[in-house]
Amino acid sequence: MCIAGEFIYQNFINQRIGGEGVPMSYVNDIIEQVIKRNPNEPEFHQAIKEVLPSIEPFIEENREIKNIGILERFVEPESQIIFRVSWVDDNGKAQVNRGFRVQFNSSIGPYKGGLRFHPTVNIGIMKFLAFEQILKNSLTGLPMGGAKGGSDFDPKGKSDGEVMRFCQSFMTELFRHIGADTDVPAGDIGVGGREIGYLFGQYKRLKNEFTGVLTGKGIEWGGSLIRPEATGYGATYFAEEMLSTRSESFQGKTVCISGSGNVAQYATEKVTQLGGKVVTSSDSNGFIYDPKGIDDEKLKFIMDLKNVKRGRIKDYAEKFGVEYFEEKRPWIIKCDIAMPCATQNEINEDEAKMLVKNGCMAVSEGANMPSTPEAVEVFLKEKILYGPGKAANAGGVATSGLEMTQNSMRLPWSREEVDTRLHSIMKNIHATCVKYGSKEDGFINYVDGANIGGFVKVANAMIAQGVV
Ligand code: NDP
């Protein structure tokens with residue numbers, strides 16, 4: 001391995017001498033390779049460009065990482081599966097969607113990561129999410145590798161029967177690539193309890209075994225208490241930790257939350273429990289602004305609207321007589337804390353500036369990569385508390401990890417036990433970010449902290465396991 005390592009290193013040295021003899025940095029070289037090898041995948045490029053510069057100082061200190069091509073392997077998925085999903089709609093017409101599973105890195109455990117059903121899903125989005133998942137899973141301290149999957153299928157407007165037939169067809173291919181010790185998918189956008197149920201049923205039928213192959217299962221059939229709440233609760237616990245570094249808390253704070261799905265609902269619940277007032281909720285059509293706050297009763301309305309009736313957030317405005325902003329995002333509303341919980345790139349530079357100008361002191365990302373690179377620049381330059389998704393929303397996958405543990409033991413834990421473990425995992429992730437992200441002036445750069453903290457463990461495992 002040593003000789004091979006030396007060869008790779010020499011190759012790398014030769015390659016990085018630019019046309020005019022100026023050495024390019026190892027990291028820039030890798031970024032260029034990624035862009036060249038994965039054209040037309042802007043979200044994946046964005047994730048790589050965000051992570052690699054953060055870990056550069058660590059790499060410079062650890063020559064072995066270069067010698068055995070850790071970064072070259074770190075940015076290349078171990079396996080990418082793309083498959084046809086054919087199903088029959090309620091009118092008897094055949095429909096065809098595309099299914100994906102990107103198994104990115106299994107150095108520290110079986111692949112783990114959600115499934116997303118949304119028309120925007122493509123291979124680049126899958127890669128960005130799977131790549132982020134590697135670091136996120138590492139940060140949880142649990143043995144889980146990184147993966148992501150999904151389909152361009154849109155569950156919106158489909159009947160239960162159509163969703164079931166789609167899920168069954170999707171699993172008919174996916175089942176051969178996953179398993180309790182291989183790859184354990186979960187939910188994400190468009191994949192909630194209903195979809196996990198249909199997927200699990202088909203897996204069980206095909207394999208003739210009842211195993212913990214998916215997380216986010218119903219509580220009666222192997223699911224974990226607190227899993228539905230975990231991502232939203234976790235992002236709130238993470239924000240609470242960030243606030244405490246400045247002797248602040250949620251008490252009396254005004255909070256803007258985007259989205260009205262799984263993550264947004266439980267972030268709203270936990271923020272309210274901690275004494276904050278959530279004033280916004282949104283979906284892909286617009287947002288509502290409720291200056292009195294979304295209390296428990298109003299949240300129940302949102303849960304019924306979104307999880308059962310599958311309606312639009314606009315109905316909230318009609319029901320409670322508040323303002324509705326069509327085709328707008330909540331960041332124009334004055335708040336102390338912002339929690340983007342909908343989707344990627346939903347806060348741009350101008351919106352970030354607006355948040356800061358309005359006095360926002362903390363951003364805790366429930367969604368994956370919801371802030372554009374320019375928005376992140378604004379938060380870091382202004383030195384507000386900025387918790388990137390891979391740290392702040394890791395509570396979901398962490399609790400999925402706890403679900404796997406309970407499945408292996410065939411022993412369910414109580415609500416309190418899971419919540420206590422989740423809370424302590426979020427505190428540990430925060431501590432890791434502080435350890436690796438603290439700057440000389442005392443500012444905590446959570447981006448660096450999360451990237452380096454997540455990477456160290458994966459890199460060490462890759463070094464130990466040789467060039468595979
Ligand atoms: P849901 O499908 O339950 O909810 C998604 C919400 O975001 C909906 O309100 C949806 O509105 C809105 N939304 C989706 N796409 C867009 C878009 N392009 N523009 C504006 N709004 C949009 O998903 P989750 O709550 O599970 O996921 C939300 C985010 O959290 C995602 O980034 C996901 O990757 C991330 N995440 C989720 C975890 C989990 O455990 N569920 C774990 C970690 C991260 P509409 O109804 O109109 O589509």
Side-chain angles (χ1 to χ4, degrees), residues 43 47 112-121 125-126 128-130 132-133 135-137 139-140 144 146 148-150 153-157 185-196 214-216 223-224 226-235 238 257-268 280-288 302-303 305-307 309-316 325-331 339-348 364-371 387-403 422 426:
E43 291 86 1
K112 182 91 194 87
L115 296 171
R116 175 177 291 192
F117 292 168
H118 195 271
T120 56
V121 163
I125 291 197
M126 294 290 97
F128 122 62
L129 288 164
E132 290 277 296
Q133 199 79 44
L135 299 167
K136 183 188 306 193
N137 293 1
L139 281 169
T140 66
M144 300 181 290
K148 201 81 186 187
F153 172 75
D154 187 358
K156 257 188 241 126
D188 190 74
I189 292 178
V191 179
R194 173 183 61 170
E195 289 76 15
I196 293 289
L214 289 156
T215 55
S224 173
I226 299 288
R227 176 61 189 93
E229 293 88 339
T231 309
Y233 277 19
F238 193 84
I257 292 184
S258 65
S260 49
N262 172 268
V263 181
Q265 291 170 13
Y266 289 105
T268 301
T280 60
S281 182
S282 74
D283 60 24
S284 46
N285 295 108
F287 80 91
I288 60 98
I302 293 179
M303 287 179 167
L305 178 69
K306 287 290 169 182
N307 309 346
K309 297 199 178 78
R310 302 188 188 271
R312 310 309 301 157
I313 200 66
K314 192 179 179 187
D315 293 1
Y316 181 106
F325 296 78
E326 181 87 24
E327 299 297 330
K328 294 267 187 315
R329 299 190 285 223
W331 320 124
M339 296 182 67
C341 296
T343 193
Q344 63 271 7
N345 293 328
E346 55 163 319
I347 302 182
N348 63 27
S364 184
E365 295 184 340
N368 284 310
M369 212 169 73
S371 308
K390 68 173 73 70
N393 71 35
V397 72
T399 309
S400 277
L402 301 179
E403 182 173 330
L422 166 65
M426 295 316 296

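Both counts, for ligands and for their atoms, begin at 1 and track the order of listing.
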Polar side-chain atom of [X] near backbone of [Y] as donor-acceptor pair, under 3.5 Å:
| X | Y | answer |
| --- | --- | --- |
| Gln265 | Ser260 | yes |
| Asn393 | Ala367 | yes |
| Arg329 | Ser258 | no |

Discussion item. Could you go through Asn285 and Ile313, starting from their C-alpha distance and side-chain angles, then the distance that decides it, and tell me whether this counts as side-chain contact (heavy atoms from CB on, under 4.5 Å)?
Written reply: CA-CA 8 Å; Asn285 295 108; Ile313 200 66; over 6 Å; no
Worksheet, complete the sentence: The protein residues that pass the under-4.0 Å heavy-atom test against ligand 1 are Arg116, His118, Lys136, Lys156, Asp188, Ile189, Gly190, Arg227, Thr231, Gly259, Ser260, Gly261, Asn262, Val263, Ser282, Asp283, Ser284, Lys306, Arg312, Cys341, Ala342, Thr343, Gly366, Ala367, Asn368, Asn393
Worksheet item: Parallel under 30°, tilted from 30 to 60°, perpendicular over 60°: which one fits the rings of Phe287 and Phe325?
Response: parallel
Practice prompt. List the steps, then state whether side-chain contact (heavy atoms from CB on, under 4.5 Å) holds for Lys148 with Asn368.
Written response: CA-CA 12 Å; Lys148 201 81 186 187; Asn368 284 310; 4.2 Å; yes
